[in-house]
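Structure, as structure tokens:
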Amino acid sequence: MVQVNTNYLKLKAGYLFPEISRRIKDFSSKNQNVDLIRLGIGDVTEPLPLACRDAMKAAIEEMGTEEGFRGYGPEQGYQWLRESISKNDYLSRGCDISAEEIFVSDGSKCDSSNILDILGKDNKIAVTDPVYPVYVDTNVMTGRTGEANLAGEYQGLSYIPINSENGFEAAIPKEKFDLIYLCFPNNPTGAVATREQLASWVKYAKENNSLILFDAAYEAFIKDDSIPHSIFEIEGSKDCAIEFRSFSKNAGFTGTRCAFTVIPRCLKGQAGLEEVDLWSLWNRRQSTKFNGVSYVVQRGAEAVYSKEGQIQIKKLVSFYMDNAQIIKSNLTAAGFEVFGAVNAPYAWIKTPKNMNSWDFFDFLLEKANVVGTPGSGFGAAGEGYFRLSAFNSRENVEKAMKRIVKL
Ligand SMILES: *Cc1c(COP(=O)(O)O)cnc(C)c1O
């Protein structure tokens, strides 16, 4: 019989979102006709910006002509999109990132997983806790960890707690790690990293020859001008960081699929006694295993940088951030301790009376018919917290707040 990858069997059985679905299904079958409001999964809800739709329609028409038809595109993305990204997201902020250093892809979730393809098995790895589960689970799947303990922590991974005691600041480790995952603005806590904090991380990485994997999927939600949008705003970061960015959250592309990964040309890894270009390995990986994002979708992504596109995505982002503000102010007034929701579309709520995360989930589901995400699903240090997402209609957010405040 065929052998399976037994690393998959180490994954914790009750993965977060399936368990949430199970509890909702169970509740709904016993309580028919209840109007449930879902502020759980981090998916966007507003329609695609018009500029993106128009660009994609035009691209489809082009594909229907002899001259405009295109087959396989470059695995790294079309040059015009890579140049647009370089110019608008990096050069404009003083980051020296060229088009060549940008790899267009169909998602940051895949890129942040696939990057492990080009990295060795014996790296010492650190993640924050709580954490976006993808970073952890892909390390488990590829055999880079041992088994999980009861709290869900895997042997061989190190966890850097971010919680209210340390002001949601990931403390610089005393130990040496080869690989560190950072996500700011943070999912799930909504915390941001200041320029000083990021500079300390870059300093640490350079001193220890570490690689930082920086996930900036939520950079568009930063309101505070002093907060960096990219790790490459920090001097020296090109020697020690890879950045993941996505059109999913700023432009509503979660279903359309387009993202990009930035790998500086000068970034090195180690192979025995030799130094190797990470850029070349990733280029090789993408050329072999990936055939690029569709022409139509890349035209849609390019339109994000047009004048109309910029106006439309700013409007989209502020719509969600107004939701976040409504959530934060209502829950704070009702006596909850609420973090995040200022530079990120997530409110991270301390559960009342030290209720555990899943008990609070059941409580909100049953008493307010509101679905959120239990903090413990994002890691052991998320226990005692709860995430509410700002991705929903205004009507639903207001209704959900009325119900919670009344409890
Ligand atoms: C939503 C999200 C992404 C984006 O993933 P895509 O695959 O590009 O849709 C990346 N990182 C985090 C932490 C996210 O929450």
Side-chain angles (χ1 to χ4, degrees), residues 15-17 20 38-46 48-49 52 77 81 85 89 102-116 127-139 160 162 168 170 180-193 212-222 229-231 241-262 286 289-290 292-294 297-298 300-301 304 313 316-317 320-321 324 340-341 343-348 372-373 375 377-379 382 387-392:
Y15 174 66
L16 182 58
F17 292 107
I20 291 176
R38 293 164 194 261
L39 300 178
I41 296 182
D43 194 1
V44 296
T45 50
E46 289 294 295
L48 271 181
C52 302
L81 178 56
I85 293 168
D89 283 330
I102 290 158
F103 292 85
V104 176
S105 78
D106 59 353
S108 279
K109 188 188 195 178
C110 352
D111 284 356
S112 63
S113 317
N114 292 336
I115 199 71
L116 291 176
V127 295
T128 61
D129 182 7
V131 65
Y132 182 49
V134 174
Y135 314 148
V136 171
D137 288 359
T138 54
N139 274 289
I160 305 170
I162 46 175
F168 296 95
I180 300 130
Y181 290 80
L182 294 178
C183 172
F184 291 110
N186 188 253
N187 178 10
T189 65
V192 284
I212 296 172
L213 297 178
F214 193 76
D215 186 341
Y218 295 97
E219 60 78 31
F221 296 84
I222 295 172
H229 287 236
S230 163
I231 187 94
I242 288 176
E243 180 162 288
F244 303 107
R245 292 272 277 260
S246 174
F247 296 99
S248 281
K249 310 294 161 47
N250 65 341
F253 271 51
T254 52
T256 305
R257 312 301 305 142
C258 197
F260 57 93
T261 289
V262 183
Q286 290 298 81
K289 293 198 179 183
F290 184 59
V293 177
S294 95
V297 168
Q298 290 192 64
V304 164
I313 69 158
L316 203 55
V317 165
Y320 292 127
M321 290 314 289
N343 292 295
Y346 297 115
W348 187 244
T373 316
F378 297 101
R387 190 189 78 175
L388 287 181
S389 144
F391 294 127
N392 216 311

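Counting from 1, the numbers follow the sequence of the chain as shown. Order of listing sets the numbers, starting from 1, for every ligand and every atom in it.
Any N or O atom pair closer than 3.5 Å counts here, and D106 shares no such pair with ligand 1.
Applying the side-chain contact (heavy atoms from CB on, under 4.5 Å) test between S108 and each of C258, C183, S246 identifies S246 as the sole match.
To the nearest 0.5 Å, atoms CG (L81) and CZ (F247) are separated by 5.5 Å. One finds the OH atom of Y218 at 9.5 Å from the CG atom of N186 (value rounded to the nearest 0.5 Å). Rounding to the nearest 0.5 Å gives a distance of 4.0 Å between OG1 of T45 and OH of Y320. The structure places CG of D215 at 9.0 Å from OG1 of T261, a figure rounded to the nearest 0.5 Å. The OG1 atom of T373 sits 8.5 Å away from the OH atom of Y346 when rounded to the nearest 0.5 Å.
Closest to atom 7 (O) of ligand 1 among all protein heavy atoms lies R257 NH2, 2.7 Å. Protein heavy atom at the shortest distance from atom 5 (O) of ligand 1 is K109 N, 3.6 Å. Looking only at heavy atoms of the protein, atom 1 (C) of ligand 1 is closest to K249 NZ, 1.2 Å. With hydrogens left out, the protein atom closest to atom 11 (N) of ligand 1 is D215 OD2, 2.7 Å, a heavy atom.
Residue contacts with ligand 1, taken as heavy atom pairs separated by less than 4.0 Å, involve Y218 solely via side-chain atoms from C-beta onward. The side chain of A217, and not its backbone, has at least one atom closer than 4.0 Å to an atom of ligand 1 (non-hydrogen atoms only; side chain from C-beta on).
Proximity to G107 (heavy-atom distance under 4.0 Å) selects the following atoms of ligand 1: 7 (O), 8 (O). Interface atoms of ligand 1 facing S248, defined by a heavy-atom separation under 4.0 Å, are 6 (P), 8 (O), 9 (O).
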- Could you walk me through whether N250 and R245 pass side-chain hydrogen bond (donor to acceptor under 3.5 Å, both in side chains), step by step? CA-CA 10 Å; N250 65 341; R245 292 272 277 260; over 6 Å; no
